[in-house]
Amino acid sequence: MPDADVDVAIVGAGFAGLYMLHRLRGMGFRAQVLEAGSGVGGTWYWNRYPGARCDVESIQYSYQFDDDLQQEWEWSERYATQPELLRYAEHVADRFDLRRDIRFDTRVTSATFDDTAHRWVLLTEAGDRVSATWCVMATGCLSSFNTPDFPGRDRFEGATYHTGRWPHEGVDFSGRRVAVIGSGSSAIQSIPIIAEQAEHLAVFQRTANYTIPAHNTPLDPEAVRRVKADYPALRAWGKRMVNGIAFHPNPKPAGEATAEERRDVYERRWAEGGLTFMAAFGDLMLDDEANATAADFVRGKIREIVTDPETAGKLCPTNIIGCKRLCVDTGYYATYNRPNVTLVDISEAPIEAITPAGVKAQGVEHAVDAIVFATGFDAMTGALTRIDIRGASGVRLRDKWRDGPRSYLGLAVAGFPNLFTVTGPGSPSVLTNMLPSIEQHVEWISDCFRYLRDRGIDRIEATVTAEDDWVAHNAEVAGNTLRSTCSSWYVGANVPGKPRVFMPYIGGFPAYVERCDAVAAKGYEGFALGA
Ligand code: FAD
Ligand code: NAP
C-alpha cells in the first residue's frame with residue numbers, strides 16, 4: 001500500500017470507525033481508516049462464537065445518526081445475532097460508500113506525534129506509513145482479547161478457540177469433548193449451544209455469574225412500526241437515561257417495599273428479561289442490603305432451574321449483582337441439567353495446567369478434544385497500549401498509563417496532542433448502550449476538528465489540570481457505587497498485573513454529555529489550543 005498523508009487517521013472499522021469516517025467526510029476532511037481485520041464490524045466481525053448476540057435490544061443497539069438508515073433497516077429479533085449485526089455493519093459501509101477509505105488487514109503498530117509538523121505518523125505491521133494532523137483511536141473497548149498464560153497452554157494437542165477470535169467457517173463440536181474456560185457473557189451465550197452439539201462439555205468456572213433470561217423473540221412488525229413512527233422519541237428517551245437505554249426504572253428503594261412487593265417486582269423484571277432487571281429498584285447499585293434482595297432472588301431462580309443442588313450451589317454467585325457486567329442468556333442455567341455437561345468449580349484452586357490431553361484442575365485431568373477460551377479481553381486500555389503510541393515529548397502512552405489510564409473525559413490524554421479516543425477510559429462507554437455513546441463521541445470529536453479548522457488551529461491538547469480533575473472526579477463517583485467492589489474487568493482485575501482502577505465513567509450518560517457540551521461551548525475548556 002502507498003504511504004498516505006491525510007487530515008485524519010482513524011484506527012478501527014467497528015461502529016465507531018465507520019461513523020467517524022462518514023461524518024468527517026461529510027465535513028470535507030480527508031480521512032483514512034486502518035483496520036486489522038479483513039472486514040468492517042469490529043466486535044461483530046471477530047466474535048463469531050455460537051450464540052453471540054447483543055444484550056441491548058437491537059431497536060436501540062443501532063445507529064440513529066441517519067433517519068433513512070434507521071427506517072429502512074429491519075431487525076428480525078429482539079436481540080440480533082452476530083451474523084445479523086455484521087450484516088448491518090456491512091450495509092452501513094456499503095450504503096455510505098465507506099470501504100474505499102478503509103485499509104483492511106492493516107494493523108497499526110505505532111503512532112508517533114511529530115511536534116514540529118504537528119502531525120501523527122502511524123506505522124503498520126506491513127511497514128506502511130500514514131501521516132495525519134489528527135488521529136482518532138476507534139480501537140474498541142473489548143477488542144484486545146485475553147488468553148491467560150495457563151501452564152502448558154501450547155502443549156495441548158487438540159483444537160483451541162477464543163470466543164473473541166472465532167473461525168469464520170464456524171466450528172462443529174459434534175461428537176467432541178469440549179472444555180469452556182470462563183463464565184462471563186461470552187461463555188454464557190455459547191455454552192448452551194456448544195452443549196447441544198458436544199459429546200461432553202466441561203465448564204471451568206472461577207467466578208459464578210448472574211445472568212437474566214433474554215426471552216429473545218422475533219420482533220413484532222406492529223411494535224416495530226410503532227417505534228419507527230416516532231423513532232426520535234425513543235432515542236431521546238434513551239439519552240435521558242444513565243445507561244443510554246430507554247427503559248422504565250423504578251426509583252423506589254428496595255427497603256421501602258414489602259417482601260411480597262419485591263418478589264412481584266423481581267418476577268416481573270425476570271419475565272421481561274434482559275439488563276433492565278437492575279432497574280427493579282432505585283438503590284440496587286448503591287446499597288448492599290438492597291442489592292442482596294435482588295441477588296437472593298436470582299439465586300432462588302438458579303436453585304429452581306438447576307435440578308442437582310450441588311451444581312446449583314456452585315452456580316450461585318456470592319458477589320454483588322451488577323458489579324460484574326450482568327449477563328443475558330438463553331437457557332444457560334438449564335444447560336447444567338443436561339447429562340453431558342459438567343461444572344468444574346475452580347474458585348478455590350486455579351487451573352493447574354493445560355496438558356496435551358486436556359485441562360487439569362484439583363489434581364484431575366479432564367480429557368478433551370477442544371478448549372474454548374471464553375476468557376474475555378484486556379478491556380478499555382488493551383487495544384491502545386498494544387500500539388506503541390508516543391506523544392509530544394516522546395512519552396509513551398503505556399508508560400503514562402502504568403498505574404492506570406488517565407484521560408480527560410475519556411476523549412483525550414495530556415501529552416498526546418491531536419489524539420482522540422472513542423469511548424476511551426474515563427467515559428461512560430461500556431456502562432451504556434454503546435451505540436449512542438459512540439455517536440456522541442464521534443460527533444463531539446468531529447465538531448472539534450471543524451472548530452479548529454475554521455480557526456486555523458492545528459494543535460489541541462488536554463491540560464494536565466483538566467485531566468487530573470477528571471480522573472479525580474471519576475474516582476470519586478466510582479467510589480459511590482457498589483460497582484467498584486468486585487474483581488471485574490471494569491477494574492482490570494481479569495488481567496494479571498493490570499493496575500486496579502475503575503475505568504469507565506459511572507456518572508451517567510446525560511451528565512457526561514452535558515459536561516462534554518459545556519467544554520465545547522466554552523471553546524474547548526481544559527484543552528490548550530495552538531496554531
Ligand atoms: P470495536 O467494534 O471493537 O472495533 C474496533 C476495531 O479496531 C476492531 O475491528 C479492531 O480490529 C480494530 N483495531 C484495534 N486495534 C487495532 C490496531 N492496532 N490496528 C488496526 N485495527 C485495530 N455493547 C453494547 O452496547 N451492547 C451489546 O449488546 C454489546 N454486545 C457485545 C458483545 C460482545 C461479544 C462484545 C465483545 C462486546 C459487546 N458490546 C456491546 C460492546 C461492543 O464492543 C460495542 O458495542 C461496539 O461494537 C464497539 O464498537 P467500536 O467500533 O468502538 O469497537
Ligand atoms: P469476561 O466477562 O471477562 O469473562 C471472562 C471469563 O473468563 C470470566 O468468567 C473469568 O473469570 C474467566 N477467566 C479469565 N481468566 C481466567 C483464568 N486465568 N482462569 C479461569 N478463568 C478465567 O469476558 P466475556 O465473557 O468475553 O465478556 C466481556 C464483555 O463483553 C462483557 O462483560 C460484555 O460487556 C461484552 N459481551 C457482551 C455480550 C452480550 O451479551 N451481548 C456477550 C459477550 C461479551 P473471573 O470472573 O473469575 O475473572
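Quick caveat, the model's predicted, so the values are computed rather than measured. Every heavy atom of this structure was used, including side-chain atoms; hydrogens, water molecules and symmetry mates were not. One-based numbering, in listed order, for ligands and for the atoms of each.
- Residues Trp73 and Tyr88 bring their aromatic ring centres within 6.0 Å.
- Asn433 and Gln60 share no donor-acceptor pair across their side chains, judged by distance under 3.5 Å alone.
- For the pair Val422 and ligand 1, no heavy-atom separation below 4.0 Å is found.
- Nearest protein heavy-atom contact of atom 40 (O) of ligand 2 is Gln189 NE2, 3.0 Å.
- In this structure, atom 12 (C) of ligand 2 lies nearest to the protein heavy atom Gly182 CA, 3.7 Å.
- Taking atom 4 (O) of ligand 1 as the reference point, the nearest protein heavy-atom neighbour is Gly42 CA, 3.5 Å.
- Counting only distance, with no hydrogens or angles, the side chain of Ser407 and the backbone of Ala412 share a donor-acceptor pair below 3.5 Å.
- With respect to atom 28 (O) of ligand 1, the closest heavy atom belonging to the protein is Asp55 N, 2.6 Å.
- Note: an N/O pair closer than 3.5 Å links Thr43 and ligand 1 by distance alone.
- Using cut-offs of 30° and 60° for the angle between ring planes, the Phe96 and His22 rings count as tilted.
- Assignment of Ser183 to the shell around ligand 2 is supported, since a heavy atom sits closer than 4.0 Å.
- At a heavy-atom distance under 4.0 Å, only side-chain atoms of Ile346, from C-beta outward, approach ligand 2.
- Using bins of under 30°, 30° to 60° and over 60° for the plane-to-plane angle, the ring pair Tyr61/Phe15 lands in the perpendicular bin.
- For atom 41 (N) of ligand 2, the nearest protein heavy atom (residue, atom name, distance) is Arg53 O, 2.8 Å.
- Among all non-hydrogen protein atoms, the one lying nearest atom 49 (O) of ligand 1 is Ile438 CD1, 3.6 Å.
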List the steps and the verdict of side chain to side chain donor-acceptor pair (under 3.5 Å) for Ser347 and Gln205. CA-CA 7 Å; Ser347 58; Gln205 173 193 275; over 6 Å; no
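- The shortest N/O to N/O separation between Asn47 and ligand 1 does not fall below 3.5 Å.
- Judged by distance alone, the side chains of Tyr63 and Glu439 never bring a donor and an acceptor atom under 3.5 Å apart.
- Considering only non-hydrogen protein atoms, atom 53 (O) of ligand 1 sits nearest to Gly140 CA, 3.2 Å.
- Short contacts between ligand 1 and Phe377, defined as distances under 4.0 Å to a heavy atom of the residue, involve ligand atoms 36 (C).
- No donor-acceptor distance shorter than 3.5 angstrom exists from the side chain of Arg206 to the backbone of Pro350, with no hydrogens or angles considered.
- Side chain of Arg30 to backbone of Asp5: a donor-acceptor contact under 3.5 angstrom is found.
- In terms of protein heavy-atom proximity, atom 45 (O) of ligand 1 is nearest to Tyr61 OH, 2.6 Å.
- The cationic group of Arg48 lies under 6.0 Å from the six-membered ring centre of Tyr45 and within 45° of the ring axis, placing it in a cation-pi geometry.
- Of the candidates Gly164, Ala16, Gly244, Ala16 brings a heavy atom nearest to atom 51 (O) of ligand 1.
- Remark: minimum distance from atom 6 (C) of ligand 1 to any protein heavy atom is reached at Glu35 OE1, 3.5 Å.
- For Leu435, the closest heavy-atom approach to ligand 1 does not fall below 4.0 Å.
- Heavy atoms of Leu142 come nearer than 4.0 angstrom to ligand 2 in at least one pair.
- Under a 3.5 Å cut-off, the side chain of Ser183 and the backbone N or O of Thr207 do form a donor-acceptor pair.
- Distance from atom 18 (N) of ligand 1 to its nearest protein heavy atom, with residue and atom name: Val108 O, 3.0 Å.
- Relative to atom 34 (C) of ligand 1, the option among Tyr45, Tyr49, Phe15 with the closest non-hydrogen atom is Tyr49.
- When each of Phe156, Tyr49, Phe373, Phe173 is tested with Tyr161 by the rule ring-ring contact (aromatic ring centres under 6.0 Å, His included), just one qualifies, namely Phe173.
- Counting only non-hydrogen atoms, the option in Asp388, Leu431, Val11 that gets closest to atom 16 (C) of ligand 1 is Val11.
- Here the two rings, on Phe416 and Phe113, have centers that are 6.0 Å apart or farther.
- Here atom 46 (O) of ligand 2 lies nearest to Lys324 when heavy atoms of Lys324, His162, Gln205, Arg206 are compared.
- Salt bridge present: Asp388 and Arg390 bring a charged side-chain N and a carboxylate O closer than 4.0 Å.
- For the pair Trp46 (side chain) and Trp166 (backbone), a donor-acceptor distance under 3.5 Å is absent.
- At the shortest separation from atom 23 (O) of ligand 2 among protein heavy atoms lies Gly376 CA, 3.1 Å.
- For atom 21 (N) of ligand 1, the nearest non-hydrogen atom from the set Ala379, Gly51, Ala36 comes from Ala36.
- At the top of the distance list for atom 47 (O) of ligand 2, counting protein heavy atoms only, stands Thr207 OG1, 2.4 Å.
- Of all protein heavy atoms, the one lying nearest to atom 37 (C) of ligand 2 is Ser185 CB, 3.9 Å.
- At least one N or O atom of Met434 sits closer than 3.5 Å to an N or O atom of ligand 1.
- The backbone and the side chain of Asp55 each have at least one atom closer than 4.0 Å to an atom of ligand 2 (non-hydrogen atoms only).
- For Lys360, the NZ atom counts as loosely surrounded, since its 6.0 Å shell holds 12 or fewer non-hydrogen atoms of other residues, nucleotides or ligands.
- Of the options Val136, Thr106, Thr124, Thr139, a side-chain contact (heavy atoms from CB on, under 4.5 Å) to Val11 is made by Thr139 and by none of the others.
- Close N/O approach between Arg53 and ligand 1 is not found [any backbone or side-chain N/O within under 3.5 Å].
- Only backbone heavy atoms of Ala374 (N, CA, C or O) come within less than 4.0 Å of ligand 2; its side chain stays farther off.
- With sequence neighbours excluded, no residue forms a ring-ring contact (aromatic ring centres under 6.0 Å, His included) with Trp401.
- In this structure, the side chain of Lys324 does not engage the main chain of Tyr210 through any donor-acceptor pair within 3.5 Å.
- Aromatic rings from His366 and Phe204 are positioned such that their centres are separated by under 6.0 Å.
- Every atom of ligand 2 with a heavy atom of Pro148 under 4.0 Å away is listed here by number and element: 15 (N), 16 (C), 17 (C), 18 (N).
- Using a 4.0 angstrom heavy-atom cutoff, Ala138 counts as in contact with ligand 1.
- For atom 14 (C) of ligand 1, the nearest non-hydrogen atom of the protein is Thr139 O, 3.6 Å.
- Under 4.0 Å from ligand 2, not a single heavy atom of Phe204 appears.
- Ligand 1 has at least one atom lying under 4.0 Å from a heavy atom of Trp44.
- Look at Val40 and you'll find every heavy atom at least 4.0 Å from all atoms of ligand 1.
- Among Ser186, Ser488, Ala208, Gly184, the residue whose heavy atom lies closest to atom 24 (P) of ligand 2 is Ser186.
- Residue nearest to atom 2 (O) of ligand 2, selected from Phe150, Trp489, Tyr61, Tyr49: Trp489 (by heavy-atom distance).
- One N or O on the side chain of Thr375 and one on the backbone of Asn146 form a donor-acceptor pair closer than 3.5 Å.
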